[in-house]
Amino acid sequence: MTAVAESYQVQTRRNRMGFWLFFLSESFLFGGLLVARYYLWGNTRPSMEDTVIGPLHISYQVIPLMITAVLLLSSFFMNRAEVAIANDDRKTFSRSILLTVLMGLIFLLGVLIFEWGWKTVDGQIVLGRHISPTDGVFGAVLYGMTGMHALHVVSGLVLLMLVWNLGRKGHFSPEKHWGVEATAIYWHYVDLVWVFFYPAIYLIGVGVHAAGH
Amino acid sequence: MEHLFLVFIALPLVVGGAVLVGAWLLTKIMPGDAAAAKAAAAAQAAAIPAHGPDYARLTPRRKAALRTGIVVLLGLALLTIVEFFLAALGSTALMFVIIILKAALIMYFFMHIAAVWRTEEAH
Amino acid sequence: MRVLKLGLVQGVFGGILGWLFGFALVIGSRLLLGLPAQWNPNLTGLAAYEPAVVVAGIFFVVGFMIGVGAVSDWLKWARGIDTPFNHGARIPGTSELARYFNVDYSHKVIGIQYAITGVLLLGVGGTLAMIFRLQLAQPELNFVPPDVFNTMISAHGMIMIGGILLGVGGMSNYLVPLMIGANDMAFPRLNAFAYWINVPGALLLCVAMVIGGWNTGWTGYPPLSAQAPLGVQYFFLGVFFIGLSSILGSLNIIVTTMTMRSPGMSLFRMPVFVWSAFATAIIQLTATQFIGLSFLMVLVQRILGMGFFDPGGPVWSEVDKWAGGGNPILFQHMFWFYSHPAVYLFVLPGLGIISELLPVFARKPLFGYKWIAMSSMAIALVGFLVWAHHMFVSGMSNYLRVPFMMSTLLVAVPTGVKFFSWLGTLWGGRIEFKTPMLFALGAISVFLIGGLTGPPLGTVATDLNLTDTYYVVGHFHATMFGGFIFPFLAALYYWFPKATGRMYNERLGQLHFWLMTPAFWVMSLGQIFVGMHGMRRRIATYEVGLDIGTAQMMVTIAGFVIFISVLIMMFNLFVLARRGQRAGANPWRSRGLEWQVPSPMPEMTYPATPVVVGEPYDYGKPGSIYVQFAPAAPALHTGASITGGD
Ligand code: HEM
Ligand SMILES: [Cu+2]
C-alpha cells in the first residue's frame, strides 16, 4: 500500500481473505440456483434411468457419476501440484497441472457432449439428446445449473493454463506462489459447488418421465 | 412447494456457517499444524541442496501432504459411491449428511480454509 | 488530441469496438450454423436481433474495461510481468485533473470518481423525474405518452438506485481507509476495476431507454419483463454489471477494515461510519448475487427459451417433452431477497454519517457508541429475513404473511436504537448549525417520516390497502432521502474542505438546506396524501374525480424546488469554492484521524503511522486523546487480527 510495497506475506494474507469472501459471494449465486431447483422441481427431477446410450447401453444415470468422479480426481491432482510447488518440484508441478487440465476438459466434454447432447440434425447443431433447455422447468434449471458451473470450469481451466505457463518459466518459489494457491482453491471451489449440484440435479427426488415416452 | 423453498434458502446459510465454524474449531483442536511445521523446519535444516529442478526429494513433510491427498480422495470417492446408492433407496436426509461431509473434506484439506485464520505465514 | 488519450475516451472507443464484435459474433455464428440472421422476423429493428444485441452488450463492457485500462496490470501479471505499484499520476506529465478520467489506484481519486459519477447519475434520474412529474401535475394530461412514461419511471428508479450505489461506494472508498488510518485499500487495482465497471453499466442503463425502453418499473417482474421491449435486456445487463461492482467493492472494504486498521484501533474504537460501511459491505457482498441471478434468469428465458418463470411452457419449443412448470413468484422471492437488504444498504452508510457528524457539531460524546455499532450489524442481518413483506399480495402462500410481518416489525428495534442515540447525543449539546449539521438534522426529520410510514406497510391488514399506491412511493422516497440523499449531501459539505482545502460558501449552503428540506416535506407528505386518496403507482395519469389535483401540483412544484436547490449546491461547490477561503486542516475541530493531516491531504495520507490511544467520540472531555502519530520510523504492523480479538 505504501510506495514501499507491503511484504509478500501480508499481501498474501489479504488476498486469501479476499478470495474466500469472493467464494462466499459466489455461494449465494450457486445457492440461488439451488433455491430455484428446489422451488421449481421440489421432490422431483427429470428421470434418466431408462434412457440408454451407446453400443453398451449404458444408463444415462451413470454418466453424471462418471464425470463427477473425473472432477474429484482433478481436484486431487491440483492438490498434488500445489504440494509440488511448495517443495520446489517443478516437474511434478507441471505434470500435475496438465493432468488437472485434462480431467477438467473431460468433465467439460462430458457435460457438453453427453449431458447437453450436442448433435447435428439436418446439418444444424441442436441441443438435447436427453433434454433441451426449452423443456419447461426441467430443461431450464438443468441447463442453468450445469451451464453456470461449466462457465466456472472454463475460467478455472484458463487460470490453470496461466499458472502452468508461469510455473514453466520459473515464476513460483516455495515461499512465493500465491498464484498457484489461488488457482488451486478456485479449482477446488468449482469442485465443491459440484458436490452440491450433482445430487441436486441427478439424485435427489423422484425421477419424472418425459410425456413423450 | 413454498415450505421446501424456505428450508433450502436457509440451508446454504446454515451449512456454510456450520462448515466455517467447524473448520475453525478443527484448527483449534488439531495438533497437526504445529507438528508439521516443526517437521518442515527439521527437514529444511537437514540441508537439502538449494532450489532447483532436481530438488524433488521427498521430505517427510511432503510425504505427509501427499498421503493426506490420497486419503481425502479415497474418502471423497467412497462417499460419492455411497451417495449414488443411497439415491436408489431414496434417503434424502442421509444424502445431505454426505454432501456436508464431502464439502467439509474439500474445504479443510484441499482449500486449507484454516489458513484464512492464520496470521503469520506458516507453510 | 490529449483528450483522445484519456482512459474514459479510450474506454468508450473500446466499448464500441466490443459491441460491434459481439454483434458480429452472434450474427456470424448464426449464419455459419445455417440459421437466418434475424432471430425473430416478426419484429423490426434491433429487436429482431435480440440475442446478438445482448451478447454485444456484454462485449461492450469487456471492450470498455480493456480500453480504459482497468485490466492492463492483471493481463501483464498473467504473462508474468510484474507491475510496480506507486501512487501519483499513473501517466507522467498529465495534469491532476486527468487522473479522474484515467484508471487511478489511489482510493482518494477513486472515491471522488465514485461520488461524482453518482451525482451525475442522480442528476440524470432526477431530470427524468422532473419530466414525468409534469405529466402528473394535473389530472388527465397528455404531455408524456404512456409508453414513454413507463420507460421513464422505470429508468428513473434504476438510475437513481445506481446513483445511490455509486454514492455509497464513494463514501466508503474515500472515508474507510482515511478513518482507519490506512494509506489505501487492500486491493487498489480491484478498487479501480470496481469503479470503472460502473461506467459501462450505467451507459447500458441509459442506452436501454433508447433501444425500445421497457415498461416494468425498476422491479422487472416477469411475466411482464419476459415480454417487455428490447430495452429491458440492457436494463438487466446494466444492473448486473453495477452489481458486480458492488460485490468486488464490498469485498475490498471488508478486507481493508479487517486487516489494515491502525495500531490500537480495536473494533470498538473504529469510527461508527466504518461500522456501517462494514455492515453495508456484508449485504452487498452476498445479497447482490440474487438480483444478478434473477435478472439473468429472465434474460435467458427471453433469448434461450429457458422457462424458469413461464408456467405455460416456452412458445417455440419443438419437443413438447417436459413443457411448462415455471413460476413467476420465484422471481419475486429472489428479487426481494436482494432488494430488501438493498434498501438497508442504501441507508446504512447515511445513518453512519449522521452518527458521525452529530457529536462533532454538538460537541458531546456520541450517545451509546456500542449500541450504534451493533445496531448497524443487526439491521443488516435482520434485513435478510423480511423480504416477503413486498409480496403480501403476490399470491405466495398465505401462511407466510404473518411471519414476515413480524420479522419486518422487528427491524424497527435497531432503527429505534439509532434514533434514541441521536436524540441522546443532541440532548444538552451546544449545537453549531453549520450546513453539514443542518443536513444531518434534516436527514433525521425526513427519515422519521419514512420510518413511521413503514410499519403500516409491514402490517398485512393495512398493506393490503396501501400496496401499489403512491403511499409506498412516499414511504420509500422519505427513507431514501432521509437515509441517503440528505446524509450524502451532509458528507459532501463536511468533507469538501478536507478534499479540496477550500471552504464552500456557508450562506449558499444554508440556502440550499432551507429550500430543500421544507420542499421535501411537502413532496413526501403530498405523495403519502395522494396515495391514501387513491392515486396508484406507475400509472401515467389519473381521473379528475379523485380530487387530488392540488396535492399533485404541490408535489411537482416541490420536486422542482428540490432540483433547483441541488443546482445551487453544484454552483457552490464546483464554481464558487474555487475561490473560497482556505479551510485549514481541521475546520470542524473533529477528533477523526483524517482531520489531523493537512487539507488537501498529501498523496500518502499518513506518512507517520497513527496510533489510536483513546475513544473516538469523547468530545468535550478534557484531556482525552483519540490518536497520536508515531515517529515516522519503522512501520508498525497492524495488530488487528481477522478474528478481531481485542
Ligand atoms: C421501519 C422500517 C420499514 C418498514 C417496516 C418498511 C416496510 C415496507 C413495506 C412493507 C414495503 C412494501 C410496500 C408494498 O409494496 O406494499 C416497503 C416498500 C419499500 N420500502 Fe420500506 N420499510 C421500512 C424502511 C425502509 C427503509 C429504511 C428503506 C430504505 C430506503 C425502505 C425502502 C423501501 C422501498 C424502496 C420500497 C418500495 C419497493 C417497491 O418498489 O415496491 N423502507 N417498505
Ligand atoms: Cu422491504
Side-chain angles (χ1 to χ4, degrees), chain A residues 8-10 12-13 16-17 19-20 23-24 27-28 30-32 34-35 37-43 61-62 65 68-69 72-73 75-80 82-84 86-92 170 173-175 181 184-185 187-189 191-192 195-196 198-200 202-206, chain B residues 1-2 4-5 7-9 11-13 15-16 20 43 48 50-59 61-62 65-66 68-70 72-74 76-77 79-81 83-84 86-88 90 92 95-96 98-100 102-103 105-107 109-113 115-121 123:
Chain A
Y8 193 80
Q9 272 92 343
V10 172
T12 302
R13 195 163 80 82
R16 205 176 272 144
M17 197 174 172
F19 237 64
W20 275 95
F23 293 151
L24 179 67
S27 302
F28 276 75
F30 292 113
L34 281 173
V35 164
R37 180 254 176 261
Y38 287 112
Y39 193 92
L40 294 174
W41 289 7
N43 199 26
Q61 188 68 9
V62 178
L65 182 66
T68 304
L72 280 181
L73 210 56
S75 248
F76 169 72
F77 283 109
M78 186 70 241
N79 183 253
R80 279 179 100 79
E82 201 190 350
V83 173
N87 288 278
D88 213 7
D89 179 355
R90 270 193 237 149
K91 216 189 269 166
T92 316
S173 67
E175 297 79 29
E181 188 185 330
I185 50 179
W187 190 256
H188 295 311
Y189 181 73
D191 191 12
L192 181 71
V195 163
F196 285 88
Y198 165 62
Y202 301 105
L203 299 182
I204 289 172
V206 186
Chain B
M1 262 164 221
E2 220 127 25
L4 262 182
F5 164 69
V7 172
F8 287 113
I9 202 156
L11 200 78
L13 297 175
V15 171
L20 282 175
I48 298 153
H51 310 306
D54 54 5
Y55 171 68
R57 224 64 68 72
L58 283 182
T59 61
R61 173 126 204 260
R62 183 172 175 198
L66 291 179
T68 313
I70 293 174
V72 174
L73 175 70
L74 289 180
L76 288 172
L79 286 174
T80 309
I81 292 169
E83 192 179 25
F84 185 79
L86 272 182
T92 314
M95 250 150 67
F96 276 114
I98 292 192
I99 293 172
I100 288 164
K102 281 170 74 175
L105 281 178
I106 293 182
M107 283 168 80
F109 289 106
F110 281 169
M111 298 174 81
H112 317 296
I113 188 172
V116 183
W117 283 274
R118 219 181 287 143
T119 11
E120 83 293 354
E121 188 73 352
H123 218 88

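Throughout, protein chains are lettered first and strands after them, A, B, ... in sequence-line order, and every chain is numbered starting at 1.
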Asker: For the residue pair A65(B) and N79(A), what are the closest heavy atoms and their distance?
Answerer: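 Closest approach of A65(B) to N79(A): O-OD1, 4.5 Å.
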Asker: Could you check which of T68(B), L79(B), T92(B), L66(B) has the highest count of heavy-atom pairs closer than 4.5 Å to chain A?
Answerer: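 Highest number of pairs under 4.5 Å: L66(B).
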Asker: Check I99(B) against P199(A) and note the closest heavy-atom contact, atom names and distance.
Answerer: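 Distance-wise, the nearest heavy atoms are CD1-CG, 3.5 Å.
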Asker: Checking heavy atoms, do the side chain of I204(A), its backbone, both or neither come under 4.5 Å from chain B?
Answerer: both
Asker: Please report the closest heavy-atom contact between L203(A) and M95(B), naming both atoms and the distance.
Answerer: CB-CE, 3.6 Å
Asker: Using heavy-atom distances under 4.5 Å, tell me whether F19(A) contacts chain B through its side chain, its backbone, both, or neither.
Answerer: neither
Asker: Pick from I185(A), D191(A), V206(A): which one has the most heavy-atom pairs with chain B under 4.5 Å?
Answerer: I185(A)
Asker: Quick one: what part of Y198(A) sits under 4.5 Å from any heavy atom of chain B, side chain, backbone, both or neither?
Answerer: side chain
Asker: Side chain, backbone, both or neither: which part of T68(A) has an atom under 4.5 Å from a heavy atom of chain B?
Answerer: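 Interface part for T68(A): side chain.
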Asker: Relative to the ring of Y189(A), is the ring of F23(A) parallel (under 30°), tilted (30 to 60°) or perpendicular (over 60°)?
Answerer: parallel
Asker: State, yes or no, whether a side-chain contact exists between R62(B) and D89(A) at a heavy-atom distance under 4.5 Å.
Answerer: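 Yes, side chains in contact.
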Asker: Between I70(B) and chain A, with a heavy-atom cut-off of 4.5 Å, which part of the residue counts as in contact: side chain, backbone, both or neither?
Answerer: both
Asker: Can you tell me which portion of I106(B) sits under 4.5 Å from chain A's heavy atoms? Options are side chain, backbone, both or neither.
Answerer: side chain
Asker: Considering all heavy atoms of both residues, which atom of F110(B) and which atom of E82(A) are nearest to each other, and what is their separation?
Answerer: O-OE1, 4.3 Å
